[in-house]
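To start, the structure itself, in structure tokens.
In what follows, residues are counted from 1 in the order of the sequence shown.
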Amino acid sequence: MKNFRVASVQFNHLPGDKAGNLAIMRPFVEAAAGQGAELVCFPECCVTGYWHLRKLSSQQLAELAEPVPDGPTTQTLLAWAAEHQITIGAGLIEVDAAGVLYNSYVVATPAGEVHCHRKLHCFISEFMESGDTYTLFDLPNGWRVAVLICYDNNILENARACALAGAEVILAPHQTGGCNSGSPQAMSVIDRAVWDARQTDPKAIEAEITGDKGRGWLMRWLPSRAHDNGVFYVFSNGIGPDDDEVRTGNAMILDPYGRVIVETCKAGDDMVVADLDPTLRDRCTGVRWMRARRPDLYRSLARRRGDEQDTRAVRFDHRS
């Protein structure tokens, strides 16, 4: 199997402006293809915008939603993929035939194939449902890819399930960093004034982006998802104002040892590109460790403890 060149994008989306966001995305598709990338990964809900969705009514969400694959956004991504011979992943709100809404991620290939992942741990709106299926697919170049959206990656069993199903690369579109997380030792909000002053005081916003509100928090757990499962990770994220929060970007690509191959800490729209070397997985720690698993010991992992809650309840539990 040959090296796989991939791109990860961070950009500041426009809330509710699908045409505007697609206009921002298209030059990145062209640039990624121009650099020889075979796949470009955009952030979660990058087509619709994200954090403002929590304030919308069911009707307003339905007006933003589209069917997949017949909706206009998926058809646009398919056209770009064919034109530039690159696989494209992007986030939107999906509506199914029954009118159910999902936080979904569409992957469109140059051959006209469409893969759609419904976020397993959707919390943004009471009017949206969570998916119940892992999404894995094979690309023509022989690489097996999985998709986990934002909070999906926080639950370590999800990454392991994808690895056990043969995933070699996990696409991880996010809208994170600068969150009022509810955990006193995790992320916290970034003062909007610091973002607005990024041109005159670049060191202040850099400290927030690279510190514990952004990259510092990611580095506590994201590398372990790649390392422990022996997979490459393609992390894409929003950057800048997202309703009343400020996202931290940090688009990066990690190897199966949990090492950062390439990343950006730019306080603005940006893209990173890297070549994934399949030989790194041959004897990497995570792949070897998984061969030593003893599934007979793990029955407790699939049993309910009795304290499980809906992701929405957990995410918005901000008790003092």
Side-chain angles (χ1 to χ4, degrees), residues 3-13 25 28 31-32 35-46 50 87-91 105 107 143 145-154 156 158-159 162-163 167-179 186-187 190 205-240 242 246-277 280-281 284 286:
N3 283 7
F4 182 18
R5 180 166 291 184
V6 300
S8 179
V9 175
Q10 64 179 42
F11 79 93
N12 188 203
H13 60 247
M25 292 163 59
F28 281 115
Q35 293 184 48
E38 299 174 72
L39 180 148
V40 58
C41 179
F42 287 98
E44 172 186 18
C45 279
C46 59
Y50 184 64
T87 295
I88 305 168
Y105 196 77
V107 179
W143 286 77
V145 178
V147 180
L148 292 174
I149 300 173
C150 203
Y151 207 102
D152 293 352
N153 295 276
N154 297 151
L156 58 89
N158 291 330
C162 289
E168 297 158 316
V169 181
I170 293 180
L171 306 184
H174 278 64
Q175 292 291 344
T176 194
C179 298
M187 291 180 289
I190 295 172
I205 189 61
E206 180 183 354
E208 298 286 57
I209 287 173
T210 60
D212 282 345
K213 297 176 184 178
R215 187 184 188 276
W217 173 73
L218 291 170
M219 289 297 103
R220 297 179 196 172
W221 63 271
L222 184 59
S224 71
R225 299 295 183 271
H227 172 275
D228 294 353
N229 296 293
V231 295
F232 291 91
Y233 244 85
V234 183
F235 173 85
S236 177
N237 193 21
I239 180 70
D242 189 7
V246 177
R247 303 286 164 248
T248 55
N250 305 116
M252 68 179 79
I253 300 169
L254 299 96
D255 75 6
Y257 287 91
R259 300 174 299 194
V260 176
I261 306 172
V262 64
E263 66 180 322
T264 177
C265 294
K266 181 179 177 180
D269 297 0
D270 205 2
M271 180 176 74
V272 295
V273 179
D275 290 319
L276 311 187
D277 178 358
L280 286 177
R281 298 189 68 249
C284 71

- ring pair (Phe, Tyr, Trp, His ring centres under 6.0 Å) assessment of His13 paired with Tyr50: CA-CA 8 Å; His13 60 247; Tyr50 184 64; 7.6 Å; no
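- Within the 3.5 Å criterion, the main-chain N or O of Thr176 finds no donor-acceptor partner in the side chain of Glu44.
- Two residues are said to be in side-chain contact when any heavy atoms from C-beta on lie closer than 4.5 Å; Val260 and Phe235 fail this criterion.
- For the pair Tyr105/Cys150, no side-chain contact is recorded, criterion being any heavy-atom separation below 4.5 Å from C-beta on.
- Here the side chains of Asn12 and Asp269 are in contact, with some heavy-atom distance below 4.5 Å.
- One distance of note links CG of Asp255 with SG of Cys284; it measures 8.5 Å at 0.5 Å rounding.
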**Prompt:** side chain to side chain contact (heavy atoms under 4.5 Å, CB included) between Met187 and Thr248: does it pass, once the steps are laid out?
**Reply:** CA-CA 11 Å; Met187 291 180 289; Thr248 55; over 6 Å; no
Evaluate Trp143 against Leu276 for side chain to side chain contact (heavy atoms under 4.5 Å, CB included), listing each step before the verdict.
CA-CA 10 Å; Trp143 286 77; Leu276 311 187; 3.8 Å; yes
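- How far SG of Cys45 is from CD1 of Ile149: 7.5 Å, rounded to the nearest 0.5 Å.
- Checking side-chain atoms of Arg225 against main-chain N and O of Asn154 turns up a donor-acceptor pair under 3.5 Å.
- Between Ala226 and Gly258, the closest heavy-atom pair is CB-CA, 4.2 Å.
- Put simply, the side chain of Ile170 reaches to within 4.5 Å of the side chain of Asn153, judged on heavy atoms.
- Separation of atoms CG (Asn229) and OG (Ser224) is listed at 8.5 Å; rounding is to 0.5 Å.
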Please evaluate residues Phe232 and Phe4 with respect to the criterion side chain to side chain contact (heavy atoms under 4.5 Å, CB included), reporting the C-alpha separation (whole Å), side-chain torsions for both, the decisive distance (0.1 Å), and the verdict. CA-CA 11 Å; Phe232 291 91; Phe4 182 18; over 6 Å; no
With a cut-off of 3.5 Å and sequence neighbours excluded, list every side-chain donor-acceptor pair involving residues 208-216.
| from | atom 1 | to | atom 2 | distance (Å) |
| --- | --- | --- | --- | --- |
| Glu208 | OE2 | Lys213 | NZ | 3.1 |
| Thr210 | OG1 | Glu206 | O | 2.7 |
| Asp212 | OD1 | Arg220 | NH2 | 3.3 |
| Asp212 | OD2 | Arg220 | NH2 | 3.3 |
| Lys213 | NZ | Val189 | O | 3.0 |
| Arg215 | NE | Glu263 | OE1 | 2.7 |
| Arg215 | NE | Glu263 | OE2 | 3.4 |
| Arg215 | NH2 | Glu263 | OE2 | 3.1 |

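- Judged purely by atom type and a 3.5 angstrom limit, Arg247 has no side-chain atom pairing as donor or acceptor with the backbone of Gln10.
- In plain terms, the two heavy atoms of Ala163 and Val231 that are nearest each other are CB-CG1, 4.3 Å.
- Under the 4.5 Å side-chain criterion, counting only non-hydrogen atoms from C-beta, Val169 is in contact with Leu171.
- Side chain of Asn237 to backbone of Asn250: no donor-acceptor contact under 3.5 angstrom is found.
- Side-chain atoms of Ile261 and Val272, non-hydrogen and from C-beta on, never get closer than 4.5 Å to each other.
- Between Pro223 and Leu254, the closest side-chain pair of non-hydrogen atoms falls below 4.5 Å.
- Separating the CD1 atom in Ile239 from the SG atom in Cys265 is a distance of 9.5 Å, to the nearest 0.5 Å.
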- Using the side chain to side chain contact (heavy atoms under 4.5 Å, CB included) rule, take Arg5 and Asp275 through it: C-alpha gap first, then chi angles, then the decisive distance, then the call. CA-CA 4 Å; Arg5 180 166 291 184; Asp275 290 319; 2.7 Å; yes
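- The side-chain heavy atoms of Cys162 and Leu148, taken from C-beta on, include a pair separated by under 4.5 Å.
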